[in-house]
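Nothing fancy with the numbering, it's 1 onward along the sequence. Whatever order the structure lists ligands and atoms in, that order sets their numbers, starting from 1. Computation of the quantities below employed the complete heavy-atom set of this structure, encompassing side-chain atoms and omitting hydrogens, waters and symmetry-equivalent molecules. These numbers come from a predicted model, not from an experiment.
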Amino acid sequence: MLESLKPQPQDKILQLIALYRDDPRADKIDLGVGVYKDATGLTPVMRAVKAAERQLWEIETTKTYTGLAGEPAFAAAMIAMILGEGFEGRAAAVATPGGTGAIRQALELIKLSAPGAKVWLSDPTWPNHPSIIKYLGMESAEYRYFDAATCGIDFAGLLEDLGRVSAGDVVLLHGCCHNPTGANLDMGQWAQVVDLLLARGAVPFVDLAYQGFGDGLQEDAAATRLIASSFPEVLIAASCSKNFGIYRERTGILIALADPTRKALVQGNLAFLNRQNYSFPPDHGARLVTMILADPALRADWQAELEEVRLNMLSLRQSLAHELRRATNSDRYDFVAHHRGMFSRLGLSEAQVMELRDRFGVYMVGDSRINIAGLNARTVPILAAAIAAVGG
Ligand code: LMR
């Protein structure tokens, strides 16, 4: 049986991890996978997470199963963090293994209720979006998003393409900190997108993996909140991997907003999907998140550390834009300071990306996406000089 398997394409982001690891050069720079690193290159366990783990070790008396949808307290805390108050009556939710698990369950839910629905993706988007959609045999389409000339948003192209969305189509939107570009809509643009998609009868599907990494915990939820309060039905896949730094704990949630009369039906279907795919979702990370969000002291400490992380990335952005100005004697990289989140797409060619890897040991995704958090005060000028050296 197994001899009939075909080799699968490697994930371009995850592939970089191995390539970087196997590079013997001591001065190599890893700007690949989206993992936060401090100035020493460490991905720390956040203080509040450590404190919650210590408490949990003391108070946890059983490891028996949780609910099939995860603990209701986790869902309530996440719904409040993402949407604020007032959504309980419309929000069905399941805990999932990370943000990817939430995306997968959302797509399965779409398939279950509207098998022919088309899913619109930004061009570009996180490569795992089209990959899972293709794996599930679903139909997809792309809307323009990134303007290669300015490394900003092609907003006219975006509106034109979303103007072709049909009623019942699903439109996947990055709630904040667009991956891979780092270019984000402002609230005026979000309002236009909301009006257009409402007029088209679309169902928004928000991927929210970086809340707190862009402009702040509340600010980064603003677009998702606008969407949630505007549309009768919304899917939201959220991840705790980055903002709680608990990548390997696989902690995420899928929230489905629906008419209150349909909440129980949707909840039952979400629990069913969990049962079919992996039964009970992972609990440890979700429990830590619930404890942190419920305890004022832990929550304040977590928010303070998240803010340190955000401001560190912001200051790296500013110094990289500054160093690139000097190294290239131009302002064409000023967009780096205006982008938000972990990533910026620099607009380099694939040949330049390869040259940066071969000559300078600088690892970035082939589309020239860099993880800002892979930099530090020492490597920022090195990167800027290397980019100038390859003609960027
Ligand atoms: C990324 O885009 O680098 C992260 O979301 C990690 C991943 O799983 O790809």
Item checked: Distance from atom 3 (O) of ligand 1 to nearest protein heavy atom, with residue and atom -> G34 N, 2.7 Å
Notebook entry, point to check: Counting each atom of ligand 1 from 1 as listed, which ones have a heavy atom of Y210 under 4.0 Å away?
Noted result: 4 (C), 5 (O)
Check: Between V33 and ligand 1, does any nitrogen or oxygen pair lie at a separation below 3.5 Å?
Finding: no
Notebook entry, point to check: With a cut-off of 4.0 Å, which atoms of ligand 1 are near a heavy atom of R369?
Noted result: 1 (C), 2 (O), 3 (O)
Notebook entry, point to check: Which residues pass the side chain to side chain contact (heavy atoms under 4.5 Å, CB included) test with A386, sequence neighbours left out?
Noted result: L356, F360
Item checked: Taking atom 8 (O) of ligand 1 as the reference point, the nearest protein heavy atom with its distance -> W126 CZ2, 3.5 Å
Margin query: Taking R25 first and then D27, would you say they form a salt bridge - that is, a charged N and a carboxylate O separated by under 4.0 Å?
Written below: no
Margin query: Taking the six-membered ring of F146 as reference, does the cationic atom of R345 (NZ for Lys, CZ for Arg) lie under 6.0 Å from its centre and within 45° of its axis?
Written below: yes
Margin query: Between S241 and S239, is there a side-chain donor-acceptor contact under 3.5 Å, judged purely by atom types and distance?
Written below: yes
Notebook entry, point to check: F343 ring centre to R369 NZ or CZ under 6.0 Å, with the angle to the axis within 45°?
Noted result: yes
Notebook entry, point to check: Of the backbone atoms (N, CA, C, O) and the side-chain heavy atoms from C-beta on, which set of T100 has a member under 4.0 Å from an atom of ligand 1: side chain, backbone, both, or neither?
Noted result: neither
Margin query: I want to confirm something. Looking only at heavy atoms, which of K12, M342, K242 is nearest to atom 5 (O) of ligand 1?
Written below: K242
Checklist line | Spatial distance of atom CZ (R357) from atom CZ (R359) [nearest 0.5 Å] | finding: 15.0 Å
